[in-house]
Amino acid sequence: MKGGLRGLRVSLILVAVWLSAHRTAADTKVLSLDNNRWLVAPDPTDSGWLDQWWQKPRYEAVPIRVPGVIQEKYPGYHGVAWYWTEMAVPANPHPGGRYLLRFQAVNYKADLWLGDTYIGGHEGGETPFEIDVTAAICAGANNRLALRVLDPRWETPIDGMTKPQSPRRGGPVFQHGGIEGPVELLLAPAARITDLYARPDPNTGRLSLLLTLRNASDAPLEGTVRVSVSREGSSVALDGKVFQ
């Protein structure tokens, strides 16, 4: 299969009856940032951005468990809160590798700084997101990570929204907010699979796989995609060579 590896989408067809799917990161080192070494402080006047709270934890900040919710430390509080943690960052074992921060859920809106560098944001309390922080990270040292997290208020808008206006899947409006899902730092190779979608057809016994691959380096790369599908003690595998 020839084509551009950067953003390439490869469609693979395999014959299978039962699919046992799982996600692995064999070539990616995953460091969990879930622990009790986070600090949190409320920002009821929403002045932290102007006053550059990302530079260091506030004197009133208290330890908090991540994942968790702001209301564990500040019952009934809604609005802006700031989180801080220090993370030890090892050298990336992959030549030209990337450092990725992955959040499973921050409710509802997040803005992030690494050291004094703003690295991006995300809106959506139930959707995971990933940010490439390679340009801002200092390998072999401790790095300060700061988050401004908005759990909207009921009446007074912050960032142009109130709690009833924040999108949700249904049911009652969220009564909580904060870093509610796991947080990970990934030491990934420059070329990697960023997404995998599987669609089985029960009528034909065929399985369609859609892979999204990314080459984050500046040079052309050649690699091999290996897909293995298992069913009740047997397996079928397909190798496909891809090029940038």
Side-chain angles (χ1 to χ4, degrees), residues 22-43 48-49 51-70 72-74 80-107 109-122 124-125 127-151 177-195 214-218:
H22 62 279
R23 178 175 295 180
T24 62
D27 294 329
T28 297
K29 185 174 183 179
V30 180
L31 304 178
S32 174
L33 301 182
D34 298 347
N35 51 51
N36 296 317
R37 294 189 295 273
W38 289 78
L39 297 173
V40 66
D43 182 8
W49 200 316
D51 294 339
Q52 302 182 356
W53 282 19
W54 63 82
Q55 293 184 342
K56 62 180 179 180
R58 297 283 295 176
Y59 69 91
E60 69 268 29
V62 297
I64 191 170
R65 176 178 57 89
V66 168
V69 298
I70 299 169
E72 291 179 2
K73 296 295 182 179
Y74 302 101
V80 175
W82 286 73
Y83 287 77
W84 300 265
T85 193
E86 294 278 339
M87 56 182 182
V89 179
N92 196 313
H94 307 288
R98 313 301 294 177
Y99 290 91
L100 310 172
L101 269 175
R102 183 164 64 193
F103 293 81
Q104 292 299 325
V106 179
N107 190 16
K109 182 175 179 288
D111 289 281
L112 298 86
W113 288 259
L114 195 56
D116 291 332
T117 302
Y118 179 76
I119 56 175
H122 178 264
T127 51
F129 63 98
E130 194 173 271
I131 297 179
D132 190 326
V133 297
T134 307
I137 211 160
C138 183
N142 285 339
N143 288 249
R144 184 182 68 255
L145 175 62
L147 277 77
R148 173 188 181 266
V149 177
L150 170 61
D151 171 25
I179 305 177
E180 299 186 2
V183 184
E184 296 169 326
L185 177 66
L186 281 63
L187 281 61
R192 62 189 187 275
I193 296 174
T194 60
D195 193 33
R214 177 173 174 78
N215 174 18
S217 71
D218 295 328

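It should be emphasised that the depicted structure is a prediction, and the values quoted were computed from it without experimental measurement.
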Heavy-atom check, side chain of [X] versus side chain of [Y], under 4.5 Å:
{"X": "V183", "Y": "D34", "result": "yes"}
{"X": "W84", "Y": "R58", "result": "yes"}
{"X": "L31", "Y": "M87", "result": "no"}
{"X": "T127", "Y": "H122", "result": "yes"}
{"X": "E180", "Y": "D151", "result": "no"}

Between [X] and [Y], which heavy-atom pair has the shortest distance, and what is it?
{"X": "W54", "Y": "G115", "result": "CD1-O, 3.8 Å"}
{"X": "Y99", "Y": "L187", "result": "CE2-CG, 3.7 Å"}
{"X": "A91", "Y": "A139", "result": "CA-CB, 4.3 Å"}
{"X": "G178", "Y": "I70", "result": "CA-CG1, 3.7 Å"}
{"X": "G125", "Y": "A105", "result": "O-CB, 3.6 Å"}
{"X": "L185", "Y": "V133", "result": "CD1-CG2, 4.5 Å"}

Aromatic plane relationship, Y83 with W38 - under 30° parallel, 30 to 60° tilted, over 60° perpendicular:
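Taking Y83 first and then W38, their aromatic rings stand perpendicular (interplane angle over 60°).
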In Å, rounded to the nearest 0.5 Å, how long is the span from [atom1] of [X] to [atom2] of [Y]?
{"X": "E86", "Y": "N143", "atom1": "CD", "atom2": "CG", "answer": "8.0 Å"}
{"X": "K29", "Y": "N92", "atom1": "NZ", "atom2": "CG", "answer": "9.5 Å"}
{"X": "L100", "Y": "E184", "atom1": "CG", "atom2": "CD", "answer": "11.0 Å"}
{"X": "S32", "Y": "R102", "atom1": "OG", "atom2": "CZ", "answer": "10.5 Å"}
{"X": "T85", "Y": "L39", "atom1": "OG1", "atom2": "CG", "answer": "7.5 Å"}
{"X": "L101", "Y": "L112", "atom1": "CG", "atom2": "CG", "answer": "7.0 Å"}

Side chain of R98, backbone of T134: donor and acceptor closer than 3.5 Å?
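Checked: no pair found.
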Establish, yes or no, whether a centroid distance under 6.0 Å links the rings of W49 and W113.
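Yes: the rings meet the under 6.0 Å criterion.
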Side chain to side chain contact (heavy atoms under 4.5 Å, CB included), that's the test. Do L147 and W82 meet it? Break it down for me.
CA-CA 6 Å; L147 277 77; W82 286 73; over 6 Å; no
Taking atom types as modelled, is there a side-chain donor on Y118 or D111 under 3.5 Å from an acceptor on the other?
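Distance-only check passes for Y118 and D111.
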Using side chain to side chain contact (heavy atoms under 4.5 Å, CB included), reason through I137 and L114 one step at a time and then give a plain yes or no.
CA-CA 7 Å; I137 211 160; L114 195 56; 3.8 Å; yes
Stepwise side chain to side chain contact (heavy atoms under 4.5 Å, CB included) check, V149 with V80:
CA-CA 6 Å; V149 177; V80 175; over 6 Å; no
